[in-house]
Protein chains: 2
Amino acid sequence: MRSASATIRDVARVAEVSVASVSRALNGHSSVHPDTRARVVAAAKTLGYVPHAGARSLSMARTHAIGVVLPDLHGEFFSEIVRGMDREVSARGYHLLLSNMHADAALAAQAIRSMRGRVDGLIVMAPQLDAEGLDDALPPDLPAVLVNAHDDIGRAGFRVDNAAGIAAVVRHLVDGGRRKLVHVAGPSGNIDAGERREGFLTAMAEHAPGVEPVVIEGDFREASGATAVGLLRARGLAFDGIVAANDMMALGVMAALREADIAVPRAVAVTGFDDVPLARYLGLTTVRVPIADMGARAVARLIGALEDAPLTDDVETIDTDLVVRTTTGS
Amino acid sequence: MRSASATIRDVARVAEVSVASVSRALNGHSSVHPDTRARVVAAAKTLGYVPHAGARSLSMARTHAIGVVLPDLHGEFFSEIVRGMDREVSARGYHLLLSNMHADAALAAQAIRSMRGRVDGLIVMAPQLDAEGLDDALPPDLPAVLVNAHDDIGRAGFRVDNAAGIAAVVRHLVDGGRRKLVHVAGPSGNIDAGERREGFLTAMAEHAPGVEPVVIEGDFREASGATAVGLLRARGLAFDGIVAANDMMALGVMAALREADIAVPRAVAVTGFDDVPLARYLGLTTVRVPIADMGARAVARLIGALEDAPLTDDVETIDTDLVVRTTTGS
DNA sequence: CCGATGCTTGTAACCGGTTACACACGCCAT
DNA sequence: ATGGCGTGTGTAACCGGTTACAAGCATCGG
């Protein structure tokens with residue numbers, strides 16, 4: 001029982017051929033005599049030989065690994081997007097190399113750079129890096145696909161159709177007879193939060209003309225949903241529908257409404273965004289975002305670029321679905 | 001603007017020194033003249049040089065990456081354990097290489113082998129592989145830490161203290177005056193499910209002597225919780241507490257009880273196991289399993305072994321906490 | 001003035017694979 | 001016999017780093 005693994009040279013010695021023949025035999029090259037191949041395969045088996053992926057990567061300039069750079073994000077989004085990527089990646093024989101990014105831009109750039117030579121391409125979700133920041137963080141020879149990208153980033157990427165999702169929510173509420181809608185917005189720096197806020201205002205202008213839309217600031221966290229309800233009541237504003245920018249805030253809203261004895265959905269309808277699993281259990285009407293699909297499509301596009309044509313710089317849009325449950329019931 | 005990245009030789013040429021000096025200068029070796037170091041650093045900066053991690057790994061026999069082999073598991077567990085590992089790993093300057101395993105043992109072994117030369121060590125969760133299967137799947141020179149291990153695996157690993165968790169649940173229910181307890185068990189092949197089932201029987205013998213404990217088969221999925229309730233009622237068994245082997249089945253139990261107009265917790269108490277986020281929202285009394293901690297500790301142990309002493313073969317136990325909520329209210 | 005010593009530096013081997021190229025061989029047509 | 005061709009194999013360069021070893025040079029003590 002050896003402790004160090006066998007190398008290709010060990011196999012060559014045992015099979016009494018050159019290392020070149022071992023390599024060719026094991027990689028299914030056609031110009032290898034059947035007898036030779038048999039000897040090589042037998043030697044490899046007795047030695048328990050497994051090729052050293054790092055060495056192969058170096059000489060082939062191909063690692064068959066994809067780097068994933070994500071900010072520190074909450075469980076549901078993280079596991080969904082990674083699951084989607086993994087599904088696609090393992091179907092194509094690649095691996096995923098994870099790197100969680102720190103908030104600091106310099107550290108983020110460092111994390112990205114440290115991937116050179118480890119991966120064939122990158123999938124990056126970097127809310128805090130703008131086009132410039134990305135340009136000097138990304139090694140020029142490493143193809144990258146952006147997730148949650150700005151429209152105008154000038155790079156291959158994906159984005160969620162936030163405006164359409166919010167518009168569907170607003171239309172649904174207006175169809176149900178609600179007019180006095182309030183939007184609980186996400187943090188101001190966040191791209192998706194910004195688009196949802198704009199989308200809300202646009203949709204209100206279209207579907208409820210004449211109504212002054214109200215926007216309360218939130219931060220995507222559950223507590224800020226409850227705070228928003230407190231604020232509304234303190235100001236004495238009348239409202240019959242609350243459109244939260246994500247599901248967690250919608251949960252906070254629901255808890256605060258229950259505490260204030262305001263009936264959902266009779267007095268006030270509540271909606272979220274994302275469709276986290278919790279939403280189904282609590283009957284929350286929300287907008288489903290196919291996160292896993294986005295991960296899978298990002299991977300597919302990246303690997304496609306690696307194996308065929310280079311990446312194009314356009315941003316693809318991910319469609320959303322309105323999921324109607326009980327918090328907006330008639 | 002070059003398309004291919006600069007190599008150490010390019011830097012050497014520009015700085016007018018040898019590659020050895022570049023390597024030494026950039027790696028903070030002490031025997032480099034300050035002037036030389038300055039020239040090298042300047043050259044590296046103008047060229048935008050980033051060392052090629054793959055090449056460095058090959059010559060140093062160190063990748064600073066840890067392979068993670070997991071079965072295809074549901075969201076919560078996956079994201080929690082990966083989060084815990086990531087926390088520990090990035091604090092120590094390593095990366096995580098993910099590989100989801102297929103159910104087939106041969107494919108699983110293949111997935112593990114393909115990590116050779118890519119990672120310095122492995123963290124493996126392989127419910128379908130026994131000691132033998134692991135022995136010939138794991139390359140002998142690759143340290144590995146097992147998660148969710150059998151007690152007697154003869155390898156470094158971690159396990160959840162399922163018996164203690166279930167015992168705490170049973171004690172809590174008995175303290176609340178419940179005696180006629182039913183256990184809804186997990187799938188028979190699963191290690192944790194088995195330990196929870198045994199733990200239930202042992203705890204019942206101790207805390208409720210004379211009572212005949214009932215066990216209904218389930219499969220860890222929500223639907224099987226509901227099915228179990230149906231079975232109990234069909235058999236006409238009396239019960240005042242249901243101890244589900246995990247949270248999802250407990251949710252199924254609760255839904256079925258609600259449908260049958262059986263009051264929780266007044267008529268029947270319900271408990272789960274795992275403490276998924278949903279449990280908090282639905283008020284489920286359950287056993288908290290610190291999944292992220294387990295991931296972090298597995299990584300810490302593996303990296304410790306890599307950098308200091310080799311791994312010892314013992315299995316460490318992860319403690320659980322009883323979390324009392326409303327489904328067992330007095 | 002000479003050898004020992006310490007500080008820098010360069011040359012080249014090495015990590016473990018892949019593959020361009022050369023070459024040996026047998027066979028066939030000329 | 002000769003040249004051309006196809007098949008199978010080996011030699012050695014290469015991927016991009018690290019590092020053992022040798023060597024140049026200035027300084028210093030005897």
Side-chain angles (χ1 to χ4, degrees), chain A residues 2 4-40 43-44 47-65 113-120 139 141-142, chain B residues 2 4-40 43-44 47-65 113-120 139 141-142:
Chain A
R2 58 158 44 60
S5 281
T7 72
I8 195 173
R9 278 164 244 274
D10 298 323
V11 178
R13 192 175 323 115
V14 171
E16 297 179 301
V17 295
S18 70
V19 292
S21 290
V22 175
S23 177
R24 286 187 287 245
L26 262 24
N27 289 314
H29 231 264
S30 65
S31 72
V32 180
H33 192 91
D35 294 353
T36 307
R37 188 187 307 274
R39 282 220 310 287
V40 169
L47 290 175
Y49 171 68
V50 179
H52 188 286
R56 171 184 256 145
S57 294
L58 184 57
S59 77
M60 305 222 296
R62 218 58 164 27
T63 64
H64 285 272
R113 269 193 289 271
S114 79
M115 292 254 183
R116 169 165 128 85
R118 286 181 194 282
V119 300
D120 294 332
D141 57 344
L142 212 48
Chain B
R2 57 159 43 62
S5 280
T7 72
I8 197 173
R9 280 163 240 273
D10 298 323
V11 178
R13 193 176 321 115
V14 171
E16 296 179 302
V17 294
S18 71
V19 293
S21 291
V22 175
S23 176
R24 285 187 287 246
L26 262 24
N27 289 314
H29 231 263
S30 65
S31 72
V32 181
H33 192 89
D35 295 354
T36 307
R37 186 187 306 274
R39 283 219 309 286
V40 169
L47 289 175
Y49 171 69
V50 179
H52 189 285
R56 170 183 257 146
S57 295
L58 183 57
S59 76
M60 305 221 298
R62 216 59 165 26
T63 64
H64 286 271
R113 270 193 288 270
S114 78
M115 292 251 180
R116 168 164 129 87
R118 287 179 193 281
V119 300
D120 295 332
D141 57 345
L142 213 48

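Here is the naming used below: chain letters follow the sequence lines, and residue numbers restart at 1 for every chain.
- Across all strands shown, B/Thr36 has heavy atoms under 4.0 Å from sugar-phosphate atoms exclusively, and none from any base.
- Side chain of B/Arg118 to backbone of B/Ala65: no donor-acceptor contact under 3.5 angstrom is found.
- If you find the closest nucleotide of DNA chain D to A/Arg9 and to A/Val17, the one lying nearer the 5' end belongs to A/Val17.
- The residue A/Arg116 sits close only to the backbone: its heavy atoms come under 4.0 Å of sugar-phosphate atoms, none of a base.
- Here B/Ser31 lies in heavy-atom contact (under 4.0 Å) with a base.
- Side-chain contact between B/His33 and B/Arg39: absent, with no pair of heavy atoms (C-beta onward) separated by less than 4.5 Å.
- Residues B/His33 and B/Leu58 each lie close to DNA chain C; by heavy-atom proximity, the contact nearer the 5' end of the strand is made by B/His33.
- Judged by distance alone, the side chain of A/Arg116 and the main-chain N or O of B/Tyr49 form no donor-acceptor pair under 3.5 Å.
- Across all strands, B/Ser23 comes closer than 4.0 Å to base atoms (heavy-atom distances).
- Under a 3.5 Å cut-off, the side chain of B/Ser57 and the backbone N or O of B/Ala53 do form a donor-acceptor pair.
- Contacts of A/Ala20 with the nucleic acid, taken as non-hydrogen atoms under 4.0 Å apart, include base atoms.
- Across the protein-nucleic acid pair, B/Arg37 atom CZ and C/dC7 atom C1' stand 14 Å apart, rounded to whole Å.
- The shortest heavy-atom contact between B/Thr63 and B/Asp120 is N-OD1, 2.8 Å.
- Nucleic acid contact for A/Ser21: sugar-phosphate only, since backbone atoms but no base atoms lie under 4.0 Å from a heavy atom of the residue.
- Counting heavy atoms from C-beta outward, A/Thr7 and A/His52 have side chains that stay 4.5 Å or more apart.
- Put simply, chain A comes within 4.0 Å of DNA chain D, heavy atom to any atom, from D/dG8 to D/dG17, going 5' to 3'.
- Going from atom NE2 of B/His29 over to atom P of C/dC7 covers 14 Å, rounded to whole Å.
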